[in-house]
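Letters A, B, ... are given to chains in the order of the sequence lines, protein chains preceding strands, and every chain is numbered from 1.
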Amino acid sequence: MHRTGVPPSRFTFSSVLNACARLPAILEGKQVHKRLIQSGLLPNNKIVVAMIAGYGKCGDVKEARSVFDCVRETEDASCWAAMVACYAQNGCAKEAIDMYMEMRAREVKISDVAIVGALSACTQLGDAELATTLAADVGRLCRGRGVFVWNALIHMHAKCGSLDLARKEFNAMKERDVITYSTMITALADHGQSQEALSMFQQMQNEGLRPNEVTFISILNACSHGGLVKEGCESFELMTSVFGIRPLAEHVTCMVDLLGRAGQLERAYNLVMENVELANDPGIWGAFHAACRLHGDVEMGEMAARKLGEMDPEDPGNQVVLASGYASNSDWQAAEKVRKMISGKGTKRSPGCSWISG
DNA sequence: CTAGGGTTAG
């Protein structure tokens, strides 16, 4: 690494660690951490933040926490904020909130990053009372708040049950971005306002913002919820032809769901075949299978069930689909449950690993 | 002295 004999400075370590976190390059990050320890340099706040973020990105919350614990008493606001963010990003909502509350108690400065982590954690919990508290904190503590804070705030309100508050914040914003709109579109769809979601999509384009692949997941989801077949198909077409976005499995799943619910199984099937590079996605076939069940198409349903079985025979969800016998025509809620299981979070997880232990 | 931590879907 440094054959010249010039030893790396703290600046070097923090820069390289940030690069590793950004990529992310887990193994390299561990190597650098190891070298840092060998160098005998005491890590400063910048280095600590870089390491917390790095471990956080590879899902190793424990290691991030142990780095944090080394500087816990310095009360450096950035380290605390990085740790709150790390918890929130890894689904440790409770821990994120506890740490945020401790920051408040110790009067550690609440930065945008810290509040965004807390807002995100509250969103995960769906805790309306906590949402009220945090919204008040934002008002008092984050007056120069950036778009990250606004977006996280809107998302929190929507998921904690208040579309009105989400709207209010949205309307108060001066500068919105693509995430602001994607968040609002999802919020409206979740609250059954599919037409409003479509207007929001239009407004976004009028503002000159370019929708991304997540925006289209949001909009297709809205169409699916509202049974807006025509609008959904038009949006899909818009995405591919005008914006040149290649469909992801999520887009096709939404479309299969939309067409399938409307009883257009053949169209749904054709769409899957047009995107054959995604034909190994269990989510898509799960949606198709559910649609077949809904409309009593036994033949297509069994075909979908076989596909699911071939794709991942180990998956317990697929075993249920195959074993339960599709044609038994029992309850369709079970099929829905299976579909959720299959399309849900992956069953395979990489084990957490430390940068030190290599 | 330099440098960073964050929001959207499922």
Pairing residues for [X] by the side-chain hydrogen bond (donor to acceptor under 3.5 Å, both in side chains) criterion, not counting sequence neighbours:
X: A:Gln264; answer: A:Arg267
X: A:Arg72; answer: A:Glu102
X: A:Asp98; answer: A:Lys94
X: A:Glu266; answer: none

(request) Could I get the full list of side chain to side chain contact (heavy atoms under 4.5 Å, CB included) partners for A:Phe236, not counting sequence neighbours? (result)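 By the side chain to side chain contact (heavy atoms under 4.5 Å, CB included) rule, A:Phe236 matches A:Leu220, A:Met239, A:Thr240, A:Pro247, A:His251, A:Met255, A:Leu271, A:Asn275.
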(request) Would you jot down, in residue-number order, the residues of residues 168-175 of chain A having a non-hydrogen atom under 4.0 Å from DNA chain B? (result)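 Contacting residues: none.
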(message) Tell me which residues in residues 189-208 of chain A lie within less than 4.0 Å of DNA chain B, going by non-hydrogen atoms.
(response)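 None - not one residue of the stretch has a heavy atom sitting under 4.0 Å from the strand.
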(request) List for me each residue that meets salt bridge (Lys or Arg N to Asp or Glu O under 4.0 Å) alongside A:Arg65, sequence neighbours excluded, and say none if there are none. (result)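 Only A:Asp69 meet the salt bridge (Lys or Arg N to Asp or Glu O under 4.0 Å) criterion with A:Arg65.
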(message) Holding to salt bridge (Lys or Arg N to Asp or Glu O under 4.0 Å), I want the full list of residues that pass it with A:Lys307, two or more places apart in sequence or in another chain.
(response)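 Residues passing salt bridge (Lys or Arg N to Asp or Glu O under 4.0 Å) with A:Lys307: none at all.
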(request) Consider only side-chain N and O atoms of A:Asp177 and A:Asn151, and report whether a donor and an acceptor are under 3.5 Å apart. (result)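 Note: A:Asp177 and A:Asn151 side chains meet the donor-acceptor criterion.
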Can you give the donor-acceptor pairs under 3.5 Å from side chains of residues 155-174 of chain A to other protein atoms, not counting sequence neighbours?
unit_1	atom_1	unit_2	atom_2	d
A:Lys159	NZ	A:Asp190	OD2	3.4
A:Ser162	OG	A:Leu165	N	3.1
A:Asn171	ND2	A:Arg167	O	3.3

(request) Could you list all the ring-ring contact (aromatic ring centres under 6.0 Å, His included) pairs where at least one residue sits in residues 80-106 of chain A, not counting sequence neighbours? (result)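 Applying ring-ring contact (aromatic ring centres under 6.0 Å, His included) to every pair that reaches into residues 80-106 of chain A, excluding sequence neighbours, yields A:Phe68-A:Trp80.
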(message) So if I define the base as every atom that isn't primed, P, OP1 or OP2, how would nucleotides 3-8 of chain B read as a B/S/- string at a heavy-atom cutoff under 4.0 Å?
(response) BBBBBB
